[in-house]
Amino acid sequence: MDQDDQRDEAETVTCGNSKCKSKIVPGDCQDGDETKKKNKKKSQKTTRRRQLMSFSELPDYMKDNEFILNYYRADWSIRDAFFSVFSFHNESLNVWTHLLGFILFVALTVANIMHHDKFFPVDAKSPGNVTRWPFFVFLGGSMFCLLSSSICHLFCCHSKDLNLVLLRIDYTGISVMIITSFFPAMYYIFLCTPRWYVIYLTGITSMGIFTIITLFTPSLSSPKYRGFRALLFAVMGLFGIVPGVHALVVNWGNPQRNATLVYELAMAVFYLVGTGFYVGRVPERFKPGWFDRVGHSHQIFHVFVLLGALSHYAAALLFLDWRDHVSC
Ligand SMILES: [Zn+2]
């Protein structure tokens, strides 16, 4: 008999003496005891629910990566899942890598808004007066992706239904980030020949919508289709090669050509290497259980996504600077 049970018995005995009977009717007393027992069971249940579990104990909807063996949350309440942002489980760094990235992009957006009041200038093509909206579309897309990813990783342990909804939002966020990344590059490069930025932006937006609709099929969210999902995102990213080569030919004489090219290539490398970790589940596949909380593939993938977004941000600043000096 544990201490709690002994305490319970003691309370029952106390309830049965004359002192108890003289103050409250027996029915009330029993109700009080039952309430206490119920509360005790409830608190035990809550404690149990907040315990981290192993891969083998997980419900099927949470079984995503068999190389991560421990520190899982499953079937937690929204409240418990929310406060788990301050505890150390196997999703902690997945949440924080993109949450800090989101905060960084909010700060960059605020800094840019404070320095510019030219969202929709009257003469958007004149030097020093180029419109900023495509740049802010990219910043908005990045913030949406990073925040939806953090929310997905934090609350995906709540229930099967919410898990599926959040995964869809996460995939939508990745697609939106890829689509919006094209906006500053295409708009500023082809500012003087608008038909080209219309063609390329329509192309990437259509591909993004196709990807989102495809990934809304529940079965495609399963671990089995991890490679297929990565392929869809990679194809969207690789679509950038077409306007990239076109831009290089058209703007060969641009003095900032090499710098922007380096940033954009860095972005492509970061995204592709990150996707490689995501699909390959490296390094945890070589030492299952070693990287449960720190260093597993999804965390590395998140860091590379953030580095890719920052490279593209640097390239976008160069495009803006160029268009502030060189008009059509
Ligand atoms: Zn993620």
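Atoms within a ligand are numbered from 1 in the order they appear, just like the ligands themselves.
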| task | Look at the aromatic rings of F301 and H298 and report parallel, tilted or perpendicular, splitting at 30° and 60°. | result | perpendicular
| Donor on one side chain, acceptor on other, S297 and E284, under 3.5 Å | yes
| Does H98 bring an N, O or S atom to under 2.8 Å of the Zn ion (ligand 1)? | no
| query | To the nearest 10 degrees, how large is the angle at the Zn ion (ligand 1) between H298 NE2 and H302 NE2? | reply | 100°
| said: So, 2.8 Å as the limit: is an N/O/S atom of C152 located closer than that to the Zn ion (ligand 1)? | reply: no
| said: For K63, is there an ion pair with E57 - N to carboxylate O distance below 4.0 angstrom? | reply: no
| query | Under 4.5 Å between any side-chain heavy atoms of S142 and H312, yes or no? | reply | no
